[in-house]
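In what follows, a structure is listed as structure tokens, so that the remarks can point back to it.
The chains referred to below are lettered A, B, ... by the order of the sequence lines, with proteins before strands, and numbering in each begins at 1. Everything numeric here is computed off the predicted structure, so don't read it as measured data.
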Amino acid sequence: MKNFTAALVTECMKLRRSKIFWITIVFFIFVPLMMGLLMLVAQHPEIGEKLGLVGAKAKLFGENNWEGYLTMLNQLVATIGLIGFGFVTSWVFGREYIDRTITNILCLPVSRTAIVTAKFSIVVLWCLLLVLIILVAGISIGYLIGIPGWSDQLFSQFFSKYILISGLTILLSSPVAFIASYGRGIIAALAFVILMLIMSQFIALVGLGPYFPWAVPGVLSVPEGTEGMELFYGSYLIVIITSLAGFLGTITWWRYADQK
Amino acid sequence: MQNVIRTVNLSKSYSDVKAVSEINLNVRKGEIYGFLGLNGAGKTTTIRMLLGLIKPTSGNAFILNEKVHANHNELFKKIGYLVEIPYSYPNLTVRENLEIIRRLRFISGKKPVDDIIDKLQLGAYANRKAKNLSLGNAQRLGLAYALIHNPEILILDEPTNGLDPAGIFEIREMLSNLAKNHGVTVFISSHILGEISRFATRIGIIHQGKMVQEFDADQLDILCKKQLLIGARDLELAGKIILQNGFSNPVAQNGIIHLDDSRAIEHPEQIATILVNAGCPPSLLKVDEENLESYFLRTIEMNGGIK
């Protein structure tokens with residue numbers, strides 16, 4: 001525990017001073033703002049006409065009510081989350097290679113396992129903050145623009161799904177940590193995130209989404225009853241196994257791989 | 001005396017390239033061991049194996065009689081290290097970077113950070129971000145990471161890189177003091193040979209991944225070649241006179257006779273007397289002693305030269 005606490009405190013110190021941390025916060029506020037703008041356009045077509053293309057995009061919501069808006073918020077956290085959380089993870093692990101500080105933290109009394117675990121903890125905390133930001137910003141903007149059809153029951157249904165999607169998306173960050181460590185930087189990890197995002201779209205399209213871990217959060221975010229988009233218990237298990245493999249692979253890499 | 005650092009047939013290969021081949025090192029307590037080699041000779045690879053950063057392909061490294069491996073965290077408590085150019089978190093200040101190392105080394109209290117800042121004269125830069133440090137001060141910060149916990153053993157890879165002459169002198173004095181007065185064992189790699197010869201107590205030479213020589217620094221006098229340099233108006237005549245008087249092998253080169261006869265080196269006055277009596281007085285008479293640099297170059301030349 002002493003190992004982990006020391007490592008976690010130092011990770012917090014690094015995070016506090018990092019510009020990337022603040023940039024992600026601004027970005028995750030900006031995205032729901034844009035979503036709110038689309039909703040506003042959907043509710044007031046006269047604004048859409050002035051804005052041209054945005055008017056067409058605004059039809060993405062289906063129904064111009066809270067149900068459509070919250071469904072979109074779930075899809076947002078599944079897609080933007082996959083990219084954003086992947087970026088956060090690749091940065092937390094890859095920065096030690098980019099800044100070339102990796103050798104400073106490997107031959108110390110603190111165990112390498114504690115350092116990796118602390119890094120994963122900071123990734124989870126950071127991602128949870130971003131999840132909270134999307135939620136609070138999204139709901140607040142929804143209220144401000146006066147979307148009709150709010151009900152506590154609707155929110156309760158949305159909230160449990162939102163948390164589940166966010167949790168699954170965060171779990172999928174651990175393989176990114178492995179790629180960032182193996183690739184000694186963030187480029188390979190970011191390429192991996194983008195590849196997984198593209199693959200998840202194609203795989204979901206052919207109806208195999210419930211079997212592909214990176215497609216599972218997206219499949220969960222579409223309205224229930226959509227054909228080929230029904231998850232089963234094994235889908236969650238696939239995500240958990242993928243996450244565990246990423247976590248253990250990263251620890252093994254840090255503990256045993258040559259650090260040239 | 002106890003061997004603090006020891007390697008047994010330590011080797012590392014990358015596919016078909018042998019970076020380090022069967023290195024056997026012995027560093028005793030309180031010694032300053034100068035590990036010399038050209039760039040790419042295998043110094044950094046050896047140091048990385050001593051720190052468990054890379055696994056040997058064969059052989060082992062031992063520190064304080066314990067086998068080094070990547071996860072020997074107890075052993076790392078006793079070691080301070082610096083590998084190649086030291087890097088720090090660019091957006092953190094000098095003090096914050098040291099604070100990170102302090103916490104990861106389980107050092108209690110803030111005083112050790114203040115002390116090491118004073119010791120390495122980083123006070124004026126304590127609140128400056130690491131990315132804004134000069135190369136010399138970044139190097140001092142790297143040394144501060146290595147010294148913050150008062151380690152028993154220091155493993156330093158080119159620690160004086162980027163330091164100005166005053167900084168080099170200061171670090172040399174500090175390391176000498178740590179070894180002499182506090183029993184700290186210092187393993188230091190460098191290619192600045194003049195620097196090492198000034199304070200190392202033992203020297204190892206590595207070339208093309210192989211250990212070509214290991215000797216005590218006070219043996220350097222014996223190992224380094226000496227020769228008598230003789231100048232004269234008639235060099236040919238002077239050479240003949242020297243030969244006729246039983247001295248061996250005078251070689252004329254660049255207008256000077258080089259004589260490596262031990263009798264002549266020990267008694268140059270005899271050469272002066274002989275030449276004066278023969279009517280060919282010397283215009284130059286000087287015993288020239290090889291320094292570590294020339295010795296090093298001669299040693300690696302004998303072991304395959306520079307490739």
Between B:Thr185 and B:Arg28, does any side-chain donor sit less than 3.5 Å from a side-chain acceptor? no
Just by distance, no angles: are the side chains of B:Tyr87 and A:Arg100 close enough, under 3.5 Å, to form a donor-acceptor pair? yes
Measuring heavy-atom distances to chain B, does [X] have an atom under 4.5 Å in its side chain, in its backbone, in both, or in neither?
X        : result
A:Ala114 : neither
A:Ile105 : both
A:Glu96  : side chain

For [X], is it the side chain, the backbone, both, or neither that has a heavy atom closer than 4.5 Å to a heavy atom of chain A?
X        : value
B:Glu96  : both
B:Lys129 : neither
B:Arg48  : side chain
B:Tyr89  : both

Does atom OH (A:Tyr211) have a neighbourhood of more than 12 heavy atoms from anything else shown, all under 6.0 Å? no
Just so I understand: if I count every heavy-atom pair under 4.5 Å between each of B:Ala130, B:Pro90, B:Pro86 and chain A, which residue has the most? B:Pro90
So which residue, B:Ile101, B:Thr44, B:Asn91, B:Thr45, ends up with the most heavy-atom pairs under 4.5 Å with chain A?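 When all of B:Ile101, B:Thr44, B:Asn91, B:Thr45 are compared, B:Asn91 has the most.
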Parallel, tilted or perpendicular: which fits the ring planes of A:Tyr182 and A:Phe178, with parallel below 30° and perpendicular above 60°? parallel
For B:Tyr33 and B:Phe187, take the angle between the two ring planes, folded into 0 to 90°, and tell me which bin it lands in: parallel under 30, tilted 30 to 60, perpendicular over 60. parallel
With distance as the sole test, does A:Arg16 use its side chain to make a donor-acceptor pair with the main-chain N or O of A:Glu11 at under 3.5 Å? no
Salt-bridge test for B:Arg140 and B:Glu170: reply yes if a basic N is under 4.0 Å from a carboxylate O, no otherwise. yes
If you define the side chain from C-beta out and look only at heavy atoms, does anything of B:Leu10 sit under 4.5 Å from B:Leu25? no
Ranked by heavy-atom pairs below 4.5 Å to chain B, first place among A:Ser18, A:Ser111, A:Ala7, A:Ala257 goes to A:Ser111
As an exercise: rank A:Thr101, A:Thr103, A:Asn3 by heavy-atom pairs under 4.5 Å with chain B and give me the winner.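 The candidate making the most pairs under 4.5 Å is A:Thr101.
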